Amino acid sequence: MNDSDKLRAIKAKTRTRLLFALVTLASYFAFVLNWVDGPSRALAGRLGGSHINGSLLFFVGLIIFFILLELLFLFIYRVTSGRGR
């Protein structure tokens, strides 16, 4: 592998990591919807007769989404680095 191929591989991995970081950051900003008036008022209401509201469900969903996103990133990294065989 020459220097040009190494540089191309590093750039590709950097773009992938940047995309991952942007999706994560956008998801964190989506959590701000809990404190904004408007259509997000649905997050404040209870779900049925339980003590769980939309904000709590949204928070748990974000945690699961972040875990799955990290697993996806690790899978893509393993496949593109050639260690997935």
Side-chain angles (χ1 to χ4, degrees):
M1 183 180 255
N2 59 21
D3 289 339
S4 176
D5 291 338
K6 288 180 184 179
L7 183 61
R8 199 173 311 127
I10 289 171
K11 284 183 178 181
K13 288 181 183 180
T14 302
R15 280 191 302 271
T16 305
R17 191 56 156 157
L18 181 63
L19 179 64
F20 172 77
L22 289 174
V23 169
T24 303
L25 191 61
S27 298
Y28 274 121
F29 282 132
F31 195 67
V32 172
L33 291 174
N34 287 316
W35 295 279
V36 176
D37 289 334
S40 65
R41 298 297 288 168
L43 293 175
R46 288 187 174 186
L47 301 175
S50 68
H51 294 286
I52 298 174
N53 61 8
S55 295
L56 182 62
L57 190 62
F58 189 55
F59 182 70
V60 171
L62 276 178
I63 291 172
I64 293 170
F65 175 71
F66 290 145
I67 292 170
L68 292 176
L69 193 63
E70 185 67 34
L71 289 174
L72 177 68
F73 178 77
L74 291 173
F75 176 74
I76 290 172
Y77 177 76
R78 183 175 292 172
V79 167
T80 58
S81 66
R83 288 186 239 155
R85 298 174 203 186

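A quick note: this is a predicted structure, and the numbers were derived from the prediction, not measured.
If you chain together hydrophobic residues whose side chains sit under 4.5 Å apart, L18 and L25 never meet in one group. Neither L68 nor L22 shares a network with the other; the hydrophobic side chains, linked directly or stepwise wherever heavy atoms of I, L, V, M, F, W or Y lie under 4.5 Å apart, form separate groups for each. Both V23 and I63 are assigned to one and the same hydrophobic cluster, defined by single-linkage of ILVMFWY side chains at heavy-atom distances under 4.5 Å.
A 4.5 Å side-chain heavy-atom check between N2 and D5 finds at least one atom pair inside the cut-off. Taking 4.5 Å as the limit, every side-chain heavy atom of T16 sits out of range of all side-chain heavy atoms of L19.
Under a cut-off of 6.0 angstrom, the local environment of CD1 in I52 is sparse, with at most 12 non-hydrogen atoms contributed by other residues, nucleotides or ligands. Residue F66 qualifies as enclosed at atom CZ: its count of foreign heavy atoms under 6.0 Å is above 12.
None of L74, I64, T24 except one satisfies the side chain to side chain contact (heavy atoms under 4.5 Å, CB included) rule with L69; the exception is T24.
A distance of 4.0 Å separates CZ of F73 from CZ of R17, quoted to the nearest 0.5 Å. In this structure, the separation between NZ on K6 and CG on D3 is 6.0 Å, given to the nearest 0.5 Å.
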Report the C-alpha distance between V79 and I76 in whole Å, list the side-chain angles of each, state the deciding distance to 0.1 Å, and finish with yes or no for side-chain contact (heavy atoms from CB on, under 4.5 Å). CA-CA 5 Å; V79 167; I76 290 172; 5.9 Å; no
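A parallel orientation is assigned to the rings of F58 and F31, their planes being inclined by less than 30° (bins at 30° and 60°).
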